[in-house]
Structure formats: C-alpha cells, structure tokens
Number of protein chains: 4
Amino acid sequence: MPKVGAEPIRKAALINATIETVGRTGSLDVTVAQIAREAGMSPALAHHYFGSKGDIFLAAMRHILSRYGDGVRAALVAADGSGGRLRGIVDESLAGGNFDLAAMSAWLNFYALAPTDPQAARLLRVYHRRLRSNLIHALRPLVADAAAEADRLAALIDGAYLRAVLDPDMPPDRARALVMDEVRRITG
Amino acid sequence: MPKVGAEPIRKAALINATIETVGRTGSLDVTVAQIAREAGMSPALAHHYFGSKGDIFLAAMRHILSRYGDGVRAALVAADGSGGRLRGIVDESLAGGNFDLAAMSAWLNFYALAPTDPQAARLLRVYHRRLRSNLIHALRPLVADAAAEADRLAALIDGAYLRAVLDPDMPPDRARALVMDEVRRITG
Amino acid sequence: MPKVGAEPIRKAALINATIETVGRTGSLDVTVAQIAREAGMSPALAHHYFGSKGDIFLAAMRHILSRYGDGVRAALVAADGSGGRLRGIVDESLAGGNFDLAAMSAWLNFYALAPTDPQAARLLRVYHRRLRSNLIHALRPLVADAAAEADRLAALIDGAYLRAVLDPDMPPDRARALVMDEVRRITG
Amino acid sequence: MPKVGAEPIRKAALINATIETVGRTGSLDVTVAQIAREAGMSPALAHHYFGSKGDIFLAAMRHILSRYGDGVRAALVAADGSGGRLRGIVDESLAGGNFDLAAMSAWLNFYALAPTDPQAARLLRVYHRRLRSNLIHALRPLVADAAAEADRLAALIDGAYLRAVLDPDMPPDRARALVMDEVRRITG
DNA sequence: AATGAATGAGGATTCATTCAT
DNA sequence: GATGAATGAATCCTCATTCAT
C-alpha cells in the first residue's frame with residue numbers, strides 16, 4: 001500500500017516552514033535548504049512537490065491571503081449591522097496575527113515582488129478587490145458615494161498597516177485606533 | 001598630477017545607475033556588475049568608491065529621500081496658507097516622479113528591507129518623522145488634535161501611494177484625488 | 001534511496017588532492033578550484049564537504065600529522081631498547097616520505113601559517129608535544145637531564161629537516177646521518 | 001633642479017614598511033596598498049620603484065639578511081678566541097631582534113617561498129653558506145671534523161630558532177641557552 | 001516517496017598593475 | 001617624481017536545481 005496523502009501534508013509543512021523561516025529571518029532571502037530543513041525534509045523533496053522556489057513562495061502567500069480572507073468572512077458573518085461589519089473588516093485587517101515578523105515580511109516582500117512578478121500581482125489584486133467589495137458592501141447603507149469612501153478606507157487601512165509595520169513609534173494598537181476613529185466618523 | 005575630481009561624478013553616476021537599474025528590473029536583486037555597466041564603469045570601481053553593495057543601495061535611497069525632501073520643502077515655501085501647505089505636501093508625496101518604476105521599486109524594496117536592515121530603517125524613520133512634523137505644522141491652525149490628524153493623513157498618503165503603485169485600477173491621479181478629498185474635508 | 005557513503009571517500013580524495021596540489025605548486029596559494037579539479041569534482045562539492053578552504057587545509061595538515069604520528073608509534077613499538085627507540089624517532093622524522101615536495105611544502109607553509117592561524121598553531125603544538133614526550137621517554141634511561149636533552153634533540157631534528165628541505169647541498173641522507181651522530185654520542 | 005636621491009629614500013621606506021607591515025599582520029598576505037600606505041606613498045609609486053610586489057618582498061628579505069650578516073660580522077670582529085667567535089655567531093643568530101613578529105614572519109614565509117621561488121632560494125643559500133663558513137672557521141681550531149660539527153651546529157641553531165618562533169613553551173632565551181650548552185660541550 | 005550526491009551558474013569582493021595627467 | 005583613476009583577472013563561496021538510487 002502506498003503512503004497516501006503524503007503530498008498535501010508535505011506541501012502544508014513546506015508552506016508553514018516558509019512562513020516560519022521568512023518570519024524568523026525577516027527577509028525573503030531564505031534558501032530552499034533552510035525551508036526544507038525547517039519542514040524536516042530534504043531540499044530535493046521540496047522541489048519535487050513544488051516545481052521551484054518561486055512556487056513555494058507563491059503557495060505560502062496564497063496561504064496567508066486565504067487565512068486573512070477567512071478571518072474577514074468570519075468577522076462579517078458575526079458582525080451586527082453595517083457599522084459592525086466595517087469594524088470587523090478593520091479589526092481583521094489590523095489584527096495581531098498580521099504583525100508577527102513572518103506575516104509582515106511576507107506582506108512587504110510581496111509588495112516588492114508585485115511590480116515584477118505577474119503571479120504575485122494577480123494574487124494581490126484579488127486581495128484588493130475583495131477588500132474593496134467588502135467595504136463597499138458595508139458602506140452602502142451609510143454613505144452616499146460608497147465606492148469612493150471604500151477606496152479611501154482601504155488606503156487608510158493599508159497605510160496604517162504600513163506604518164505599524166515600519167514605524168516603532170506606531171504600535172499596532174494605535175494604528176487600529178487611528179482607523180477606527182475614521183470608521184466612527186463615517187458611521188456617525 | 002593625476003586626473004582629479006572623478007569621485008563625486010562617479011558616485012553620482014552610480015547612484016543614478018542604481019535607481020535606473022532597480023527601476024528597470026523592478027527588483028533589488030540587481031548585481032553590482034549590472035549597476036556598474038549601467039554607469040559605464042567596471043564593478044571594481046564601484047567597489048572602490050562605495051565600500052560595498054549595501055553602501056551603494058543606501059546612497060541611492062538617501063538620494064531619493066533627499067530629492068523628495070527637497071520637493072516638499074519647495075512646495076511648503078511656495079504654499080499659501082495652511083490649506084496650501086497641506087495640499088503641497090500631498091501633491092509632492094503623490095507627484096508623478098514618485099511613480100516611475102524606478103522610484104516605485106526603490107520605495108517598495110526599501111520597505112521590505114527596513115525590518116531587517118538597521119540603516120534602511122533609520123533612513124525610513126527620518127522620512128516618517130519629517131512628513132509627520134510637516135503635517136502637524138500645517139494642520140495645527142486647522143484642527144484641534146493636529147497630531148492625530150497628521151498620523152491619519154500620513155497613513156492615508158502612504159496607503160494611497162501603495163495602492164497607486166500596486167493596483168492598476170488606481171492610477172496616481174485618482175490616488176491623489178482621494179487624499180485631496182480628505183484634505184478638503186479638513187480644511188473645510 | 002540515494003547513492004550513499006560518498007562523504008568519506010570524497011573527503012579523503014580532497015585531502016590527498018590538497019597535499020598533491022600544494023606539493024606540485026610548492027605553495028599554499030592554491031585555489032579551491034585547483035584542488036577540486038585534482039580530486040575530480042566540482043569546487044562546489046569541496047565546499048559542501050568541508051565548510052571552507054581553511055577547513056580543507058586543516059584537514060590535510062591533520063592527515064600529514066597523523067600519518068607521521070602513526071609512523072613514530074610503529075617505530076617505537078618495533079624498537080629495541082632506549083637507543084632503538086631514539087633511532088626510530090629520528091628515522092621516522094627524517095624518513096623519505098617527509099621529503100617529497102608535497103610534504104615539504106605542507107610543512108613549510110604550515111610553519112608560516114602558525115603564527116597567524118590559531119588552529120594551525122594548535123595542531124603544530126600537538127606535534128611538538130608528542131615529539132618531545134617521545135624523546136624524553138626514550139632518553140630517560142640514558143641521560144641525567146632527559147628533558148633538556150630532548151629539547152636539544154628535537155631542535156636538531158627540526159633544524160636538520162629544514163636544512164634538508166631548503167639546502168640542495170644537504171640531502172636527506174646527510175641530514176639523517178648528522179642527527180644520528182648525535183644520537184650515537186648520547187647512547188654512547 | 002630635480003629632487004635628487006629620492007629613489008634610495010623611497011626604496012628604503014618601502015622596505016621598512018614591508019617588514020613592518022608583514023610583522024604587524026604576521027603574514028605575507030599583505031597588499032601593496034598596505035605597504036605603500038605604511039610608507040606614506042601611493043601604491044603606484046611602489047610599483048614605479050620596484051617592478052612588482054615580488055621584487056618588494058625580495059628587497060625586504062635581502063635587507064633582513066644583510067642586517068643579520070652585519071651583526072655576525074661585528075660579533076666576529078669583537079670576539080675573543082675561537083670559543084668567543086662561536087658564541088658570537090650563536091648569540092647573533094638567536095638575538096632578540098630576530099624574534100619580533102616581523103622578522104619571524106619574514107623568515108618563515110621566506111622558508112616557505114624558497115622551494116618555489118628561485119630568487120628566494122638563492123638568497124637563502126647565501127645565508128646558509130655564510131653561516132656554515134663562519135662556523136667552520138671558528139670550529140677548526142677546536143674539533144677534528146670542523147665541517148661536520150658546523151653542519152650539526154647550524155642545524156641546531158635553525159631548529160632552536162624554529163622552536164622559539166613556533167612554540168610558546170620555548171622562549172628565545174631557553175633556545176639560546178640550549179644551543180649554548182652544545183657550544184660549551186664543544187669548546188670544552 | 002525520498003534523499004544524498006553533485007554541479008553550473010553566478011556574485012560580491014579583492015588586488016596587482018597600468019595609465020593619463 | 002607622483003598619484004588618483006581605472007580595470008581585468010581571480011577567488012571564495014552560495015544556491016537552486018537535477019539525478020541516480
């Protein structure tokens with residue numbers, strides 16, 4: 001009997017190892033060997049499951065993105081009213097989990113990758129669209145030009161995240177509070 | 001007596017070549033050889049004038065940062081009133097020059113570098129502090145809590161820039177307009 | 001399952017290749033590429049098995065030293081009486097094998113390395129101590145101040161070796177005879 | 001009027017700088033730039049006066065050798081009787097000046113160079129011959145086979161020097177004492 | 001499925017040396 | 001005489017990737 005189901009397990013292990021390793025070193029300059037060691041397997045096997053280093057990274061990014069997407073979806077389901085939905089999106093976008101070194105590095109390097117790498121760009125676009133659509137949906141009952149307000153709020157979220165990540169003077173809590181003030185202004 | 005005075009010329013050429021090369025490839029993964037070729041000299045000479053690859057990058061970033069700083073300063077001098085100063089800062093921060101691939105890549109990769117590289121972090125901090133202080137100064141006559149408003153505006157600027165850079169659906173003009181709406185709201 | 005057990009073979013091949021290459025060129029200024037080529041493998045593999053060029057050299061030196069140590073030990077076991085032991089040590093120290101260009105260059109360059117490289121110094125010290133202790137052991141039944149006589153004899157051995165290596169007018173045989181005269185004087 | 005006599009001054013400065021630099025770093029791996037800086041001139045000028053790096057080294061070695069030769073000559077002139085001449089030679093050969101890191105490194109690296117570099121070999125041979133002839137001259141009135149005794153004593157001197165240089169357990173004074181004991185045995 | 005073995009293709013950096021002034 | 005400028009040629013080392021087993 002062949003060992004069944006090894007593939008998804010191995011892939012998941014590699015994805016986690018990638019995030020973990022990138023996080024620990026704070027840089028995308030990690031080697032396949034490092035990732036594989038962290039995942040407890042040989043570099044050759046990593047290449048066997050993913051075709052290349054780039055594919056490993058992409059899978060890891062997709063994982064982070066979908067984890068974020070799940071969080072937002074859950075927050076929206078649990079939310080109470082338009083204001084609640086807005087706050088849920090913001091909360092999730094600036095939640096603690098996005099600020100560990102692993103996620104931070106992943107995001108920043110992902111940004112840096114996007115102008116060059118079409119697959120990264122596509123992934124990022126999906127994220128942008130979904131956030132925008134969620135925001136519009138939540139804002140429509142509250143403001144006249146929901147689309148414009150959504151863009152502004154989305155930019156504010158990203159900017160606040162950036163600051164929280166890069167600026168030691170701006171801890172994540174202040175970043176979230178800063179956006180929440182704006183949300184409060186909108187929800188009245 | 002030897003030919004003299006080449007140093008500043010060569011250094012400037014290398015800085016420009018760095019920005020140009022990073023811009024063209026859209027990635028920090030450029031080799032010293034590429035930069036040197038672009039600057040029309042040998043890799044050895046690049047190492048002669050700057051000590052290392054990292055120093056070349058740092059000098060390039062410093063150049064971009066100081067170019068931006070000069071722009072802001074000029075805009076502030078020319079500005080008329082608090083509202084004018086605000087609009088000047090926003091205009092300069094989201095000016096066309098910041099959106100060529102070279103500047104974009106430099107900024108994004110600089111962000112990605114900052115969590116790891118202390119010198120990059122220091123440089124970025126200088127930028128953040130200066131922007132914040134400029135915004136506070138311009139906002140003080142207009143709002144009660146200038147500091148909080150400055151943080152929010154700074155985040156909005158960075159977020160809008162990020163969107164304009166990363167999202168094809170958000171051209172620089174829309175990004176600027178988006179921030180200007182907020183400025184208008186503040187200035188009343 | 002992969003091909004297995006290459007490591008010791010490769011390491012041995014690299015050590016031999018190092019000695020051979022250093023010997024052929026008569027200088028420590030050999031490149032990893034040269035050594036690897038001599039050993040029939042890529043430079044990358046050499047770095048894979050030993051961490052660095054320095055480690056390759058050290059392993060080669062250790063090999064030479066242990067080869068010499070084995071020779072001395074065998075000579076001591078086979079020796080008959082104190083005088084025999086003395087003659088055995090001298091014979092082994094000035095045996096033909098120490099005079100091929102490879103061993104010579106290794107020794108000389110090792111000497112030159114020792115004041116700078118702590119690991120080389122440590123290795124050399126081991127050799128010195130062992131030789132001294134062997135000599136003292138063999139001399140104790142024969143002379144009053146065995147320690148002093150051992151130091152003198154050790155110096156004489158090293159000096160004779162040096163002459164034999166450096167001076168075309170002093171072939172190894174004469175060098176050995178020169179020391180043996182002294183041994184004969186001691187053993188009476 | 002041209003500046004006269006610059007050449008010998010510059011050359012001497014470079015030779016001293018070479019010895020000094022080799023001594024400070026304890027290795028022959030010094031760059032022409034380091035030597036030139038130590039001598040207070042540009043690397044280009046060093047090449048102007050000596051044709052190549054090798055020539056600089058050779059000149060430095062020649063300097064050390066002739067300095068040693070002068071010392072021996074002076075000691076012989078001042079010496080009283082055959083025994084005094086012998087002691088003078090030994091004293092000079094193991095004098096303090098030969099044990100500073102500069103001279104040590106020079107000697108050791110010179111040894112290492114000799115099997116490869118014909119010029120170094122020639123120089124070394126001169127030294128060997130002169131020492132041997134001096135020793136024979138001093139020994140002839142004292143022993144039957146002066147030539148054999150001279151070779152043994154020369155080897156002992158070199159071996160003692162080597163030990164003193166390489167072995168922290170053998171300070172220069174003990175090395176000299178060790179040889180002097182032998183001298184005393186000969187002079188009776 | 002899994003891995004040790006192996007390498008080709010760079011990449012940063014160093015340095016002796018040359019040259020124009 | 002003197003030097004800053006400039007470079008070609010190496011050198012060590014790294015790493016993604018392939019392959020035989």
Side-chain angles (χ1 to χ4, degrees), chain A residues 1-7 9-10 29-36 40-57, chain B residues 1-7 9-10 29-36 39-56, chain C residues 1-7 9-10 29-36 39-56, chain D residues 1-7 9-10 29-36 40-57:
Chain A
M1 268 192 296
K3 218 188 303 181
V4 199
E7 169 147 356
I9 294 174
R10 293 296 200 176
D29 278 335
V30 294
T31 70
V32 174
Q34 284 174 311
I35 295 173
M41 70 190 82
S42 73
L45 197 56
H47 272 93
H48 176 72
Y49 282 121
F50 294 90
S52 74
K53 185 184 181 176
D55 289 338
I56 300 178
F57 272 72
Chain B
M1 266 187 289
K3 191 174 18 163
V4 85
E7 172 149 357
I9 297 173
R10 293 299 201 175
D29 278 334
V30 295
T31 70
V32 173
Q34 283 174 316
I35 294 173
M41 70 189 80
S42 72
L45 197 56
H47 273 98
H48 175 72
Y49 283 121
F50 293 90
S52 73
K53 186 182 180 177
D55 289 338
I56 300 178
Chain C
M1 266 190 288
K3 191 178 13 165
V4 87
E7 171 147 359
I9 296 172
R10 293 301 201 175
D29 277 334
V30 295
T31 71
V32 174
Q34 284 173 315
I35 294 173
M41 70 190 82
S42 73
L45 197 57
H47 273 100
H48 174 72
Y49 283 119
F50 293 91
S52 74
K53 187 184 178 174
D55 289 337
I56 300 178
Chain D
M1 268 194 293
K3 217 188 303 183
V4 199
E7 170 147 356
I9 294 174
R10 293 297 201 175
D29 278 335
V30 295
T31 70
V32 173
Q34 284 173 311
I35 294 173
M41 69 190 81
S42 73
L45 197 55
H47 271 92
H48 176 72
Y49 282 120
F50 294 90
S52 74
K53 187 184 180 176
D55 290 338
I56 300 178
F57 273 72

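All chains are named by letter (A, B, ...) in the order of the sequence lines, taking the proteins before the strands, and each is independently numbered beginning at 1.
Taking atom CG of residue C:Asp29 and atom P of nucleotide E:dT14, one finds them 17 Å apart after rounding to whole Å. As a whole-Å value, the separation of B:Ile9 CD1 from F:dG4 P is 16 Å.
Checking the phosphate oxygens (OP1, OP2) of F:dG4, no side-chain nitrogen or oxygen of B:Arg10 falls inside 4.0 Å.
Nearest-nucleotide positions on DNA chain E place C:Gly40 closer to the 5' end than the other of B:Pro43 and C:Gly40. In terms of position along DNA chain F, the nucleotide closest to D:Met41 lies nearer the 5' end than the nucleotide closest to the other residue of the pair D:Met41 and C:Ala33.
Contacts of residues 47-56 of chain D with DNA chain F (heavy atom under 4.0 Å): D:His48, D:Tyr49.
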Distances under 3.5 Å between protein N/O atoms and the N/O atoms of nucleotides 8-10 of chain F, please, pair by pair.
none

Pairing string of DNA chain F (Watson-Crick or G-U wobble, both atom distances under 3.5 Å; | = paired to other strand) is .||||||||||||||||||||

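When all heavy atoms of C:Lys53 and C:Val30 are compared, the pair lying nearest together is NZ-O, 2.8 Å.
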Identify every side-chain donor-acceptor pair in residues 39-49 of chain B under 3.5 Å, counting partners at least two apart or on other chains, and give the distances.
unit_1	atom_1	unit_2	atom_2	d
B:Ser42	OG	B:Leu45	N	3.2
B:His47	ND1	B:Pro43	O	3.4

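Listed by chain and number, the residues in a side chain to side chain contact (heavy atoms under 4.5 Å, CB included) with C:Asp55 are C:Phe50, C:Ser52 (sequence neighbours excluded).
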